[in-house]
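Right, one structure below, let's go through it.
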Amino acid sequence: MLFVLVLVGIFVFTGPSTPPGPIERPGPPGTGPLTIVSMGDSTLSGEGAGSYTVDTNGANGDWCHRSPNATVEKTDVPGIVEKVNLACSGAPAAQVGLGDTRQWTEPSQAGQLAELVKTHRVAAVVVAVGANDDPHFSQLISQCFQAWFVSGNAPCRTTIAPTWQQRVDAMVPKVVSALGDIKTVLARAGYEPEDYQLVLQSYAAPIGPGIPANLQNLNGCPFRTEDLLWVVNEGVPVLSRGLASAAAQAGARFLDLSRAGLGHEACSGGADPSTEWFSRLTLQLNDLADADRAGHAIQESFHPNANGHAQFGRCLTEFLATSGPAAACLKGQDGNLHPAAAVTAG
C-alpha cells in the first residue's frame with residue numbers, strides 16, 4: 001500500500017513525461033541584415049517622387065523609375081536595417097510573381113526576392129499590384145484626359161463604368177497568384193508564416209473633384225468633373241475591394257489606401273501645390289528632344305509625389321506594428337495618415 005502511495009505521489013508532483021514546448025524562433029532565418037522589401041508597380045517604385053536611380057531612369061531601356069523617396073524608403077520600422085525596393089513602374093502581376101514575364105527589361109520580382117533572401121533576412125514584404133492587369137488604371141486616367149481634350153467625346157466613365165467590376169474581378173486571381181509566388185519563394189528559403197509580414201496595399205485616388213477651375217486643364221489636371229467624381233466614388237473603391245478580396249484569399253494583410261489622398265489630390269492645392277500628395281500633369285521637356293525618352297516624357301504624371309510617399313510610409317510603418325488583418329490609411333487630427341482599424345474601401 002505504501003509503495004502505491006509513493007508512486008501516486010511521484011506522478012502527482014512530477015507529472016507524466018512531456019516533450020519540450022516549441023522553441024521560439026528568433027525571426028526570419030538565414031543571415032544578413034533584417035530587411036523590408038517593396039514589390040509591385042509604380043505606386044511603390046516611386047514614380048512621381050523624382051530623383052530616380054540612374055539604372056531605372058531609361059538606362060538600357062529600364063524605366064522602372066525607382067526613387068529614394070519611395071514609400072519603403074520612408075518607413076521606420078524598429079529593428080529593420082535595410083530597405084529594398086524591387087517595384088517597377090507599369091509592372092503586371094505576372095512580373096511580380098514567378099515566371100518569364102519582364103517589365104522594362106527587368107525579370108521576375110519574386111525571382112529577385114529569391115536571390116535577396118540568400119543575403120538578407122526579410123521581415124516584411126509590402127506589395128502593390130493589379131492596376132496594370134485587367135483594370136489598366138493608367139489607361140483609365142489617359143482615357144479621361146482624352147475625354148477632356150476632345151470636346152465631342154463622352155465622359156470616360158460612360159465607357160469604363162459598365163465593365164469596371166468585371167475587369168477588377170478578372171484581376172483578383174492574378175494578384176492572388178503573385179502573392180502565392182512570394183510566399184513560395186520565402187517557404188523555399190526556410191521561412192515560416194510567422195517569420196515575416198506580407199502586406200498587400202491598394203491604390204489612392206490621385207485626382208478628385210476639388211480642383212479649381214483654372215487648373216482643370218493643361219495647366220495641371222485636364223479632367224471633366226463627372227469623371228473625377230467617378231474615379232473617387234466608384235473606380236478606386238471597387239478596385240480596392242477587389243484587392244481586399246485578393247489579400248484575404250492569399251493569406252496576406254491588407255492596407256487600404258483608397259481614401260488616403262482625400263483633400264490632397266493633384267491640383268487640389270490650387271496656387272499652393274505643396275499641400276498635394278500627387279503629381280500634376282508633368283512634362284519633361286528635355287525628354288522630347290530624345291527619341292528614346294520622348295515616350296516617357298509624361299510618365300510621372302498623377303502618381304504619389306515625395307510628400308505622398310512620405311505619408312504612405314508613415315502609415316505603413318504604424319500598420320506593421322499592429323496585428324490586425326486589415327486597416328485603412330486615413331488622415332488624423334494631426335493632418336497625417338494613420339491606420340484605422342476598419343477597412344473603408346466602400
Side-chain angles (χ1 to χ4, degrees), residues 37-74 83-97 99 101-113 125-143 145 171 174-175 178 182 200-207 236 239 243 257 261 266 277-284 286-288 290 292-310 312-313 316:
V37 181
S38 61
M39 302 173 66
D41 54 33
S42 59
T43 197
L44 280 179
S45 73
E47 186 74 77
S51 302
Y52 309 111
T53 61
V54 175
D55 59 320
T56 65
N57 193 26
N60 301 312
D62 191 327
W63 289 94
C64 286
H65 269 182
R66 285 193 281 272
S67 170
N69 299 315
T71 295
V72 71
E73 304 291 352
K74 300 303 177 181
K83 306 166 185 178
V84 177
N85 189 359
L86 300 178
C88 181
S89 187
Q95 195 261 342
V96 174
T101 301
R102 289 178 172 265
Q103 178 65 19
W104 300 128
T105 75
E106 293 201 5
S108 157
Q109 292 181 35
Q112 295 178 56
L113 178 65
V125 179
V126 57
V127 184
V129 70
N132 294 306
D133 288 283
D134 303 82
H136 297 296
F137 192 69
S138 61
Q139 290 182 22
L140 179 156
I141 299 297
S142 179
Q143 284 181 255
F145 164 71
M171 168 205 75
K174 298 174 183 178
V175 175
I182 292 171
L200 177 67
Q201 70 172 48
S202 64
Y203 299 87
I207 50 178
V236 168
L239 177 59
L243 290 167
L257 268 63
W277 295 349
F278 301 86
S279 57
R280 301 180 177 188
L281 179 63
T282 304
L283 175 63
Q284 298 295 341
N286 293 336
D287 287 351
L288 295 179
D290 186 332
D292 292 332
R293 304 184 67 86
H296 302 272
I298 61 172
Q299 184 172 319
E300 298 174 87
S301 303
F302 310 115
H303 284 85
N305 59 23
N307 291 335
H309 280 280
F312 300 156
L316 175 61

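With hydrogens and angles ignored, the 3.5 Å screen pairs no side-chain donor or acceptor of Arg66 with any backbone N or O of Cys88. For the pair Thr56 (side chain) and Asp62 (backbone), a donor-acceptor distance under 3.5 Å is absent. Proximity of a side-chain donor or acceptor of Thr282 to a complementary backbone N or O of Arg280 within less than 3.5 Å is detected. Side-chain atoms of Tyr52 never come within 3.5 Å of backbone atoms of Pro68 as a donor-acceptor pair (strictly under, hydrogens ignored).
A donor and an acceptor atom, one from each side chain of Ser89 and Glu47, are located under 3.5 Å apart. Side-chain contact, Ser279 with Asn305: no donor N or O sits under 3.5 Å from an acceptor N or O.
Interatomic distance, CD of Gln299 versus OG of Ser138, reported as 9.5 Å (0.5 Å rounding). For the atom pair CD of Glu300 and CZ of Phe278, the computed distance is 15.5 Å after rounding to the nearest 0.5 Å.
Residues Val54 and Ala59 come closest through the heavy atom pair O-CB, 3.5 Å. The shortest heavy-atom contact between Gln103 and Pro92 is OE1-CD, 3.7 Å. The minimum heavy-atom distance between Gly40 and Val96, with the atom names listed, is CA-CG2, 3.8 Å. The nearest pair of heavy atoms linking Phe302 to Pro206 is O-CB, 3.5 Å. Contact record, Gln95 with Pro107: NE2-O, 2.7 Å, taken as the closest heavy-atom pair. In terms of heavy-atom proximity, Ala178 sits nearest to Ala93 at CB-O, 3.6 Å.
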- Worked verdict on Asp134 versus Lys174 for side chain to side chain contact (heavy atoms under 4.5 Å, CB included): CA-CA 9 Å; Asp134 303 82; Lys174 298 174 183 178; 2.8 Å; yes
- Item | Verdict with supporting geometry, Leu200 and Val175, side chain to side chain contact (heavy atoms under 4.5 Å, CB included) | CA-CA 9 Å; Leu200 177 67; Val175 175; 3.9 Å; yes
- Going through the distances and angles, do Leu239 and Ser202 end up as a side chain to side chain contact (heavy atoms under 4.5 Å, CB included)? CA-CA 8 Å; Leu239 177 59; Ser202 64; over 6 Å; no
- Task: Could you check His303 against His65 for side chain to side chain contact (heavy atoms under 4.5 Å, CB included), going step by step and ending with a plain yes or no?
- Result: CA-CA 12 Å; His303 284 85; His65 269 182; over 6 Å; no
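When the options Thr43, Asn85, Thr71 are evaluated for a side-chain hydrogen bond (donor to acceptor under 3.5 Å, both in side chains) with Ser38, the one that passes is Asn85.
In this pair, Trp277 and Phe312 present their aromatic rings perpendicular. The plane angle is above 60°, beyond the 30 to 60° band.
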